[in-house]
Amino acid sequence: MALTDPTGVATASSRRRALTRRRVRSVAGTVLSLALTLLGLLLVTFIIGRVMPIDPVLKVVGDRATQAQYDAAYVAMGLDQPLIVQFLSYVGDVLRGDFGRSISTGQLVAQDIARVFPATFELAALGTFIGVVIGVPLGVIAAARRGGVIDQVARVVALVGYSMPIFWLGLMGLLIFYGMLGWVGGPGRQGIIYDGMVPSVTGMILVDSLIAGDWGAFRDAFSHIILPASLLGYYSLAYISRMTRSFMLEQLSAEYITTARVKGLSERAVIWGHAFRNIAIPLVTVIALSFGSLLEGSVLTEIIFSWPGLGSYITRGLLSGDMNAVLGGTVVVGVCFVVLNLFSDILYRFLDPRST
C-alpha cells in the first residue's frame, strides 16, 4: 500500500498558490501601467490643445460672430469650467470614443479616423513586412560573417537608412520608378479607373480587392502601394537589421554557442537553431516598435504620395487649425503604441516561460 507524503503535497500546493499570486500581481501591474500610460497620454494631448495659439471658439463660430455668439459657444464648449473639470470631461469623451467634430470635414473625428486609419495601417503593415523579411536575415548573416562583405553591406544599408531624408527618397522614387520607368503606379491608393470600384469591407484596398475577387484592382492597388511601402520598409529594415546583428553578436559570443560547435553541430544549426531562437524574444519588441514608428512616422510619405491616411489627416488638421482632428489622431497613434507594447509584453511572456 502506497503512502502519501503530506509534506510534498503541501509544498506543491504552496508552489501553485505562489505562482498564481505572481501571475495576478503581474497582470495587475500590467493593467495599472497601461492605465497610467493612457492617462498620461490624454494629459499631454489635453495640454497641447490648451497651449496651442488657436482659439477653438473662433474656429467654430467664425471671426464674424458677435460677442454674444462667442460667449454662448464658449460656455457650450465647457471652456468656462476649471481645467480639472475640463480634463475629466475630455477623458470621459475619449473613453467613449468621442473626439469631437472636425471643423475641416464637418464630420465626427472618430468617423474620419475610422475612414483614414486603414490606409495607414495597410501601408505600415506592408512596410514592416518588407523590413522583417529582409532585415532579419540580413542582420543574422551579417553577425555570422562579421567583418565580411555582407556585414559591410548591412552596416552601409543601416547607415544610409538613418541618414537619407525620406522626402528626398520619395521624390526620387517617383521620378525614377514612376516618371521615367513607369514600373509603379503614381500618387494615391488607386488609379482613376478603379477608384471607388472595390466595395469597402476592411478599408484596406489590397484586402478588399481580394475579397471582391477583382484582380485588376488588386494589381492596380499593389502598383500604387509598393513604392511608399518599400521606402518605409527600407527604414524599418535599417533598424531591424542593426538590432538583429547586435543581438546575434551577443549570442554568438556566449559559451553555449562554443559548446554547440565543439559537439559538432553544423554552423546552420548553431546560428538558426540556437542563437536565433534566443534573440526571438527581444526581436519581437523591436518589430513591434518598428511597426508603431511607421504608423506615426509615415506623415511625410503620405504627403509625398498623396496617401489618404492618418498622417495626412493630422497634417491637414494642423494646417487648418482643426485641433479636434489633430488631438484625435494623436491619441489614436499613442494608443497604438501602448497596445503594441502590451502585445509584445504578452508575447514575450508566452515565448519565455521564465518571465511568469
Side-chain angles (χ1 to χ4, degrees), residues 113 116-139 142 153-190 204-206 221-246 283 285-320 325-326 329-330 332-334 336-337 340:
I113 292 177
V116 301
F117 183 75
T120 296
F121 183 88
E122 184 178 37
L123 184 62
L126 185 56
T128 304
F129 176 78
I130 294 173
V132 171
V133 169
I134 301 177
V136 171
L138 182 62
V153 171
R155 296 170 68 178
V156 170
V157 166
L159 178 62
V160 174
Y162 280 106
S163 305
M164 284 290 185
I166 195 168
F167 68 88
W168 184 84
L169 287 178
L171 293 175
M172 291 300 100
L174 281 174
L175 175 63
I176 296 173
F177 297 106
Y178 170 63
M180 298 175 61
L181 300 176
W183 289 357
V184 299
R189 299 182 75 187
Q190 280 191 305
M204 294 179 284
I205 297 297
L206 293 178
F222 185 79
S223 70
H224 282 78
I225 195 176
I226 186 59
L227 182 57
S230 297
L231 290 179
L232 293 179
Y234 177 52
Y235 278 81
S236 178
L237 78 87
Y239 173 62
I240 292 174
S241 65
R242 184 174 66 87
M243 297 304 297
T244 302
R245 179 182 181 274
S246 177
L283 199 57
T285 303
V286 170
I287 294 173
L289 293 178
S290 176
F291 180 59
S293 299
L294 294 191
L295 282 176
E296 71 150 348
S298 60
V299 176
L300 288 176
T301 304
E302 291 186 0
I303 294 175
I304 293 170
F305 290 92
S306 299
W307 197 262
L310 185 61
S312 297
Y313 179 74
I314 295 175
T315 303
R316 288 195 303 269
L318 186 61
L319 293 177
S320 62
V326 173
T330 303
V332 169
V333 172
C336 287
F337 259 105
L340 286 171

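Starting from 1, each residue takes its place in the sequence as its number. Just so we're clear, the structure is a prediction, and the values are computed from it rather than from any experiment.
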Check: residues 170-178 side-chain donor-acceptor pairs under 3.5 Å, at least two apart:
none

Smallest separation among heavy atoms of Ile314 and Val326, with atom names
O-CG2, 3.7 Å

Please list all pairs meeting side-chain hydrogen bond (donor to acceptor under 3.5 Å, both in side chains) that have one or both residues in residues 121-130, counting only residues at least two apart or in different chains.
Glu122-Arg189

Does a side-chain heavy-atom distance below 4.5 Å link Tyr313 with Pro308?
no

Go through the steps to decide whether His224 and Ile205 satisfy the test side chain to side chain contact (heavy atoms under 4.5 Å, CB included), and finish with yes or no.
CA-CA 10 Å; His224 282 78; Ile205 297 297; over 6 Å; no

Interatomic distance, CG@Leu289 vs OG1@Thr285, rounded to 0.5 Å, equals 6.5 Å

Those residues at least two apart in sequence (or on a different chain) that pass ring-ring contact (aromatic ring centres under 6.0 Å, His included) with Phe117 are none

Take Ser223 and Trp183, measure what side chain to side chain contact (heavy atoms under 4.5 Å, CB included) needs, and give me the verdict at the end.
CA-CA 8 Å; Ser223 70; Trp183 289 357; over 6 Å; no

How long is the straight-line distance from CG of Leu294 back to CG of Leu126, given to the nearest 0.5 Å?
10.5 Å

Between Arg245 and Ala142 the two heavy atoms that sit nearest each other are CD-CB, 4.1 Å

For the atom pair CD1 (Ile303) and OG1 (Thr315), what is the distance rounded to the nearest 0.5 Å?
4.0 Å

Enumerate the salt bridge (Lys or Arg N to Asp or Glu O under 4.0 Å) contacts for residues 228-238, please, sequence neighbours excluded, ordered by first and then second residue.
none

Quick one: does any side-chain atom of Trp307 pair with a main-chain N or O of Thr301 as donor and acceptor, under 3.5 Å?
no

Identify, with sequence neighbours excluded, every residue that meets ring-ring contact (aromatic ring centres under 6.0 Å, His included) alongside Phe305.
none

Rounded distance [0.5 Å steps], CG in Leu231 versus CD1 in Ile226:
10.0 Å

Work out which heavy atom in Leu295 is nearest to a heavy atom in Cys336; give both atom names and the distance.
CD1-CB, 4.0 Å

Is the closest side-chain heavy-atom distance between Ile166 and Leu232 below 4.5 Å?
yes

Which pairs pass side-chain hydrogen bond (donor to acceptor under 3.5 Å, both in side chains) with one or both residues in residues 230-241, sequence neighbours excluded?
Ser236-Ser290

Ala221 versus Leu206, closest heavy-atom pair with distance:
CB-CD2, 3.9 Å

According to side chain to side chain donor-acceptor pair (under 3.5 Å), who are the partners of Arg242, at least two apart in sequence or on a separate chain?
Tyr162

Phe121 ring center near Phe291 ring center (under 6.0 Å):
yes

Scanning both residues in full, the closest heavy-atom pair of Gly311 with Thr120 reads N-OG1, 4.0 Å

Going from CD1 on Ile113 to CG on Leu310, what distance comes out if it is rounded to the nearest 0.5 angstrom?
6.0 Å

